[in-house]
Structures are given as C-alpha cells and as structure tokens.
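The basis for the numbers below is simple: all heavy atoms, side chains too, and nothing from hydrogens, waters or symmetry mates.
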Amino acid sequence: MRKGGGSFRFSAGLLASAFIIAVVNGLSFSHSEFISDAWYFHGWPFTLYRHGGFTHEHAFVWLGFLADVAVTIAVGIATGWSWGKISERRSSRM
C-alpha cells in the first residue's frame with residue numbers, strides 16, 4: 001500500500017542533485033591556471049563556459065547548460081524513485 005510523500009521524495013532528490021551539480025560546477029570554475037593562448041572549458045558534467053585564445057574570447061555554452069539541466073532532472077527523478085522503492089521495502093518489513 002502506498003502512502004503519501006512521493007512528491008516530497010522527488011523534490012528532495014531534485015534539490016539534492018541540483019545542489020551537488022552546482023557545487024561541482026562552481027569548483028570547475030575555480031581550478032584553472034591561465035596561459036595566454038590556451039582555451040579553457042568549465043563545467044561538469046558538460047561544458048558551460050569557455051574562454052581563452054589570443055583574442056580572449058568568452059562564450060556561454062547553452063547546449064552544455066541544457067544538458068546539465070537534463071542530467072539534474074534525471075538524477076532527481078532517479079533519486080526520488082529509489083527513495084520510494086527503499087521506503088516501500090522497509091515499510092513492508094514492519
């Protein structure tokens with residue numbers, strides 16, 4: 001028998017995955033050394049921002065951003081689903 005709280009599990013999973021991906025993305029921006037003619041790519045799991053070259057070009061990578069959002073949503077859904085399955089098994093044992 002299912003009890004309420006499914007939306008809470010999915011919301012918590014989405015917030016947790018968004019927080020983790022945001023922190024890791026922030027760390028990818030802070031760890032770079034500068035060489036004047038090199039290109040630098042920042043972001044995880046996909047590139048969000050690139051800069052460098054002799055002309056010092058900067059660009060936000062929208063496709064990488066959309067892919068990061070898709071990964072965040074997928075991980076959040078998987079977390080909520082897994083949490084639901086684990087709590088179902090625990091409640092059926094009691």
Side-chain angles (χ1 to χ4, degrees):
M1 182 175 186
R2 280 198 108 139
K3 294 182 180 179
S7 64
F8 171 75
R9 288 191 291 263
F10 286 101
S11 299
L14 185 63
L15 286 173
S17 65
F19 177 74
I20 291 169
I21 288 178
V23 167
V24 174
N25 270 316
L27 290 174
S28 78
F29 279 86
S30 65
H31 295 297
S32 67
E33 52 190 58
F34 185 74
I35 300 173
S36 63
D37 62 343
W39 280 94
Y40 298 97
F41 300 92
H42 303 284
W44 184 88
F46 298 99
T47 300
L48 290 177
Y49 183 74
R50 67 173 194 239
H51 66 94
F54 284 116
T55 58
H56 299 289
E57 295 176 16
H58 301 271
F60 184 79
V61 182
W62 282 102
L63 190 58
F65 173 74
L66 294 175
D68 277 352
V69 169
V71 167
T72 301
I73 292 170
V75 170
I77 290 171
T79 303
W81 181 81
S82 300
W83 189 353
K85 289 296 180 182
I86 290 169
S87 63
E88 279 180 14
R89 287 182 185 167
R90 287 188 180 184
S91 66
S92 67
R93 290 181 189 171
M94 292 182 178

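- We find the CG-CG distance between L48 and N25 to be 4.5 Å, quoted to the nearest 0.5 Å.
- Between the side chain of S17 and the backbone N or O of T72 there is at least one donor-acceptor pair closer than 3.5 Å.
- Of all non-hydrogen atoms in R9 and S87, the two that sit nearest each other are NH1-OG, 3.7 Å.
- For Y49, the side-chain contact (heavy atoms from CB on, under 4.5 Å) partners are F29, H42, H51, H58, not counting sequence neighbours.
- Among residues two or more places apart in sequence or in another chain, the ring-ring contact (aromatic ring centres under 6.0 Å, His included) test is passed with W62 by F60, F65.
- Checked against side-chain contact (heavy atoms from CB on, under 4.5 Å), V71 has the following partners two or more places apart in sequence or in another chain: I21, P45, F46, V75.
- Tracing side-chain contacts under 4.5 Å through hydrophobic residues (I, L, V, M, F, W, Y), one reaches L66 starting from I77; they form part of the same cluster.
- Among residues two or more places apart in sequence or in another chain, the ring-ring contact (aromatic ring centres under 6.0 Å, His included) test is passed with W44 by none.
- Connectivity analysis of hydrophobic side chains (ILVMFWY, heavy atoms under 4.5 Å, direct or indirect) links I86 to nothing; its cluster partners are none.
- Within the 3.5 Å criterion, the main-chain N or O of A78 finds a donor-acceptor partner in the side chain of S82.
- V61 and V24 are members of different hydrophobic clusters when ILVMFWY side chains are connected at heavy-atom separations under 4.5 Å.
- Scanning both residues, G43 and S28, for their nearest heavy atoms gives N-OG, 2.9 Å.
- The ring-ring contact (aromatic ring centres under 6.0 Å, His included) test applied to F19 returns no partner, not counting sequence neighbours.
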